[in-house]
Amino acid sequence: MTSQEIRQSFLDFFTSKNHKIVPSAPMVIKDDPTLMFTNAGMNQFKNIILGNDHIKYPRVANSQKCLRVSGKHNDLEEVGHDTYHHTMFEMLGNWSFGDYFKKEAIAWAWEYLTEVVKIDKDRLYVTIFEGAPDEGLERDTEAYEIWKQFIPEDRIINGDKKDNFWEMGDTGPCGPCSEIHVDIRPDSEREEISGVSLVNQDHPQVIEIWNNVFMQYNRKSDGTLTPLPKKVIDTGMGFERLCMTLQGKTSNYDTDVFQPIIQEIGKIAGLRYGDNEKVDIAMRVIADHVRTIAFSIADGQLPSNAKAGYVIRRILRRAVRYGYTFLNQHEAFMYKLTDVLCEVLGGAYPELIAQKTLIEKVIMEEENTFLHTLETGIKLLEKNLNEIKAKGEKVLSGHVAFTLYDTFGFPLDLTELILRENGLSVDIEEFNKEMQQQKERARNAAAVESSDWVVIREGETRFVGYDLNEVETNILRYRKVTQKNKTYFQIVLSDTPFYAEMGGQVGDSGTLSNAEETIEITDTKNENNLSVHIVNKLPNDLTGSFVAKINLDKRMATARNHSATHLVHEALREVLGTHVEQKGSFVSPENLRFDFAHYQRMTTEEIREVERIANRRIRENLIRNEMREIPIAEAQSMGAIALFGEKYGETVRVIQFGDSIELCGGTHVKATGDIGMVRIISESSIAAGIRRIEAITGEAVEDMIDKQQDVIATAKEFFKNTPDLVKAIQRSISENQDLRKQVDDFRHEKIMELRNRLIKEAKEVNGIKEIRVNTILPAEAVKTLAFQIKNMMNENLLVVIGSLFDGKPTLTVLLSDDLVEKGYNATALVREAAKHIQGGGGGQPFFATAGGKNPKGLDKAIQSIEL
RNA sequence: GGGGGAUUAGCUCAUCUGGCUAGAGCGUUUGACUGGCAGUCAAAAGGUGACCGGUUCGAGUCCGGUAUUCUCCA
């Protein structure tokens, strides 16, 4: 079976069991503060499991693209070294939300594996939870009894809490799980050692392929468990491992999922997979990582220097590093794999093909940037290396290695490699210590502690903010959050006009009041589809009814910016082309930011044109056409613009202004005329192939124009209200340049004259030509004078120049080179003489300066210097 | 969110612990050589050392702040 056929057979099987097949959610998660990437099939159902969302379909199944860069058995640093771990992988899963439970889940899992894809029953083992009496958790005998009907009892293995009890986090739904393991060793080996002893022992050919989680408890923050009202089945099967098993391979990387990519890497590097272990590891690393990178870019997550984008950047860099060291690729090469990637996965994931050009550009740019970083790092390392060698030492301090890593992004293993080549090593212990300290610092700064929700009354939030600015409401629940000495509260309301930060639009602020008091709501955030209102203080009485009211000025300003974003988006597509796709958006009351795919700098004319089109639409005063809850297919047939990497429900909200039609949950003006005017204030690049424009609307434009007019008016006044300001400034600048040059020339001439006079007047004392003078010159001129004299007569020369400039006396001493060789020192001379002007100074043996506080002593100081 | 670094000529970067008028390569311009192109040689132009403030006789260099950017941790 090909991987395509395997994926399809799973979905077909669960369709036949009345499951709804849902599409894969984006790999990058946007509204969950605890998670950056989809790391399991259940992520997109988290809201349902937590009870924040309605159950639309009690039975669903899908194939989900997942990303794991840390966690049990899966450190990023391990990927590639073995044959079965990945960063990105596909997870096949089926779910039941309060519908079927263990009996059906187990029976169907068995049926699929043994009858649909026909895995030899003798090769399968299962595990069940053995219980943890100290935590009051019972053995999962229920699962055991069900399994007994399918599989001999000696193949059912007890597992401990670590392997067989699943928890979403420190709190929340949890329960026992049951894993299915497959033994794919050759028969000869299986006869020698029984598979049962190798389950969960990290054997590469006795592996877990399917985990069935039976969520039946809810864990509270004090650790106690309560039964879950609606029990949940959550299963996940590693797609790549299933392919390996069914295709008779012993490595995931030997399946048709990875081999085409690996072959292509071999072609680029001129090496063959299978010849050399280190080369093989590098090829596996690159094949795995390039999938991750390409998918995240397609999902709208570009490599960057913070958060999720940074994780992607790190993964890309790890791949480049392996290519650099083991495949001898010192120039960008990974972007060349985009073609083959599209061939392998483009069928199941069309977003890859749609975003191909962008993926290529971004990867190439990132590769080049990192190769540059490596080059700088190597230079720095070599400098340190020479110092160590010069001192005759053998070990590079961990501190230096850490600085290279921490500040310059130079990877430790490369440091080690280069040191080894030079017969040196690095103090790893010290390195780890520094790393530990860094982690401590970050952890302390980021520690967030939230207590359990306190439920005042049951219910769900109803958002009324599209229609109302204030509403009567009740508090449903609240909790306290402590973060870095700051304490605040999160409140969930029964009805709210507050828009929670989402889709780039900032959350509303406003007030919550009852008869007695008014509480400030500082922000509104969206956590797992739950609108939480942030307040610094709780009302005294939480039970009564309240009026929730948004800050209308801010909301209106935000709406203007959001609607303007849509108009600008449309105008950009008209001016630049339809390749312009939204890659990010930020809408606040102050301004708007819009990131989009485009491959070159916008010209001033293009920016003007975009502004003109958008402003024309504003003047046309297009009425907002808002469609709530329309089926996504219908919206798309209207030509509504949807975003890659965005998760949409089956029904969506559509906002239309004329020809601009977008899927959007944000708040907008009633008609475009309300925007007033839009003005683009900057255009810049934020990544390869991505441009960013920032714009302002309404009053902010007025303010800007006012300010600019003030500047012009003031400037004009300086020029006696000249009609042609630009010309006046130009003339003034060129006049200024001319004058400056004249002054410079003049001053230079004066110094030359002074020099010539001084040289002529030089007195010879004991065979040394002495020049002493007291002048009024700036320090720079004095210096020039001294050096000029030296250039003319660099023999047996002593120059002493005193100068009173700007009320401060300074003293300068210069000696010719031969006197310095004889042991005279200008610094010593000037220090001694500076006592007369109550100052100090220094310099080099041939030239020194001093400054002081007493102008009256200047003459004395000049005369006091004797050789 | 927290730490560390960087910002010097159009570009890439030097300038060790404050001190000899801030240098190099590439690029630009000019000139010479060659029949032309390419090239070689020579010369020149090009700098508020990111910005603001402070310490000092003296700051690109030290300190504080701002901006931009890189990097590590979360």
Side-chain angles (χ1 to χ4, degrees), chain A residues 33-36 69-70 303-311 313-314 317 366 369-370 372-377 379-380 383-384 386-387 390 399-412 431-432 434-448 483-486 682 684-687 740 748 751 778-791 794 801-806 808-817 820 825-827 829-854 858 861:
Chain A
T34 64
L35 209 56
M36 286 194 289
V69 286
S70 61
S304 74
N305 62 358
K307 300 190 174 169
Y310 186 62
V311 175
R313 174 169 281 174
R314 250 170 49 197
R317 291 185 165 193
E366 278 291 316
T369 311
F370 184 54
H372 182 249
T373 302
L374 285 183
E375 213 175 283
T376 337
K379 262 193 226 162
L380 278 166
K383 212 167 122 190
N384 281 293
N386 292 332
E387 279 171 26
H399 179 74
V400 172
F402 184 77
T403 307
L404 273 166
Y405 170 75
D406 179 63
T407 303
F408 300 99
F410 197 74
L412 177 66
F431 179 92
N432 288 336
E434 296 257 2
M435 178 69 104
Q436 201 52 43
Q437 284 170 2
Q438 156 105 297
K439 286 187 179 180
E440 285 297 315
R441 266 200 306 271
R443 194 168 307 136
N444 291 341
V448 181
Q483 181 173 21
K484 216 183 142 202
N485 304 329
K486 269 192 291 184
S682 84
S684 59
S685 161
I686 57 161
R740 179 177 299 224
H748 193 245
I751 290 171
E780 202 54 30
V782 171
K783 201 173 186 181
T784 309
L785 176 61
F787 278 91
Q788 282 291 340
I789 295 171
K790 180 168 180 272
N791 287 344
N794 190 3
I801 305 170
S803 177
L804 184 64
F805 194 79
D806 230 2
K808 273 172 74 180
T810 60
L811 193 62
T812 302
V813 175
L814 180 129
L815 297 171
S816 56
D817 294 341
V820 173
N825 190 318
T827 300
L829 292 170
V830 86
R831 282 213 180 112
E832 185 58 29
K835 285 176 184 166
H836 294 288
I837 53 171
Q838 292 173 20
Q844 303 123 74
F846 85 102
F847 179 82
T849 55
K853 283 174 256 178
N854 179 19
L858 195 53

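Every chain is numbered from 1 and lettered A, B, ... according to where its sequence line falls, protein lines coming before strand lines.
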With rounding to whole Å, what would you report as the distance between [N] and [M] at their [atom1] atoms?
| N | M | atom1 | result |
| --- | --- | --- | --- |
| B:rU68 | B:rU29 | C1' | 32 Å |
| B:rU69 | B:rA74 | P | 24 Å |
| B:rA32 | B:rU21 | C1' | 31 Å |
| B:rG3 | B:rA59 | C1' | 27 Å |
| B:rC13 | B:rG4 | P | 24 Å |
| B:rC57 | B:rC11 | C1' | 38 Å |
| B:rC51 | B:rU12 | C1' | 24 Å |
| B:rA6 | B:rC63 | P | 10 Å |

*Which string of ( ) [ ] | and . matches RNA chain B, if you list each base 5' to 3' and count Watson-Crick or G-U pairs only when both distances are under 3.5 Å?*
(((((((..((((.....[...)))).((((((.....)))))).....(((((..]....)))))))))))).

Are OP1 or OP2 of [N] and a side-chain N or O of [X] less than 4.0 angstrom apart?
| X | N | value |
| --- | --- | --- |
| A:Lys835 | B:rC57 | no |
| A:His372 | B:rC13 | yes |
| A:Arg441 | B:rG1 | no |
| A:Tyr405 | B:rG4 | no |

*asked:* What's A:Gly840 touching, base or sugar-phosphate or nothing? Going by heavy atoms closer than 4.0 Å.
replied: base

_Quick check: any donor-acceptor pair below 3.5 Å linking the side-chain of A:Asp406 to the base of B:rG3?_
yes

*Side chain of A:Gln437, base of B:rG3: donor and acceptor closer than 3.5 Å?*
no

*asked:* What's the closest nucleotide to the side chain of A:Lys307 if the choices are B:rG58, B:rA74, B:rG2?
replied: B:rA74

What nitrogen or oxygen pairs link the protein and nucleotides 62-70 of chain B at under 3.5 Å?
none

*So do the side chains of A:Leu811 and A:His836 get within less than 4.5 Å of each other, counting heavy atoms only?*
no

*So, do A:Met36 and A:Val311 sit near enough that their side-chain heavy atoms are less than 4.5 Å apart?*
yes

*What's the CD1-P distance between A:Ile837 and B:rG58, to the nearest Å?*
11 Å

*Expressed in angstrom and rounded to an integer, what is the separation of A:Lys439 atom NZ from B:rG4 atom C1'?*
17 Å

Nucleotide N/O to protein N/O under 3.5 Å, stretch nucleotides 19-21 of chain B:
residue : atom : partner  : partner atom : Å
B:rG19  : O3'  : A:Gln844 : NE2          : 3.4
B:rG19  : O2'  : A:Gln844 : OE1          : 3.2
B:rG19  : O2'  : A:Gln844 : NE2          : 2.2
B:rG19  : N1   : A:Gly842 : O            : 2.9
B:rG19  : N2   : A:Gly842 : O            : 3.2
B:rG19  : N2   : A:Thr849 : OG1          : 2.9
B:rC20  : O4'  : A:Gln844 : OE1          : 2.4

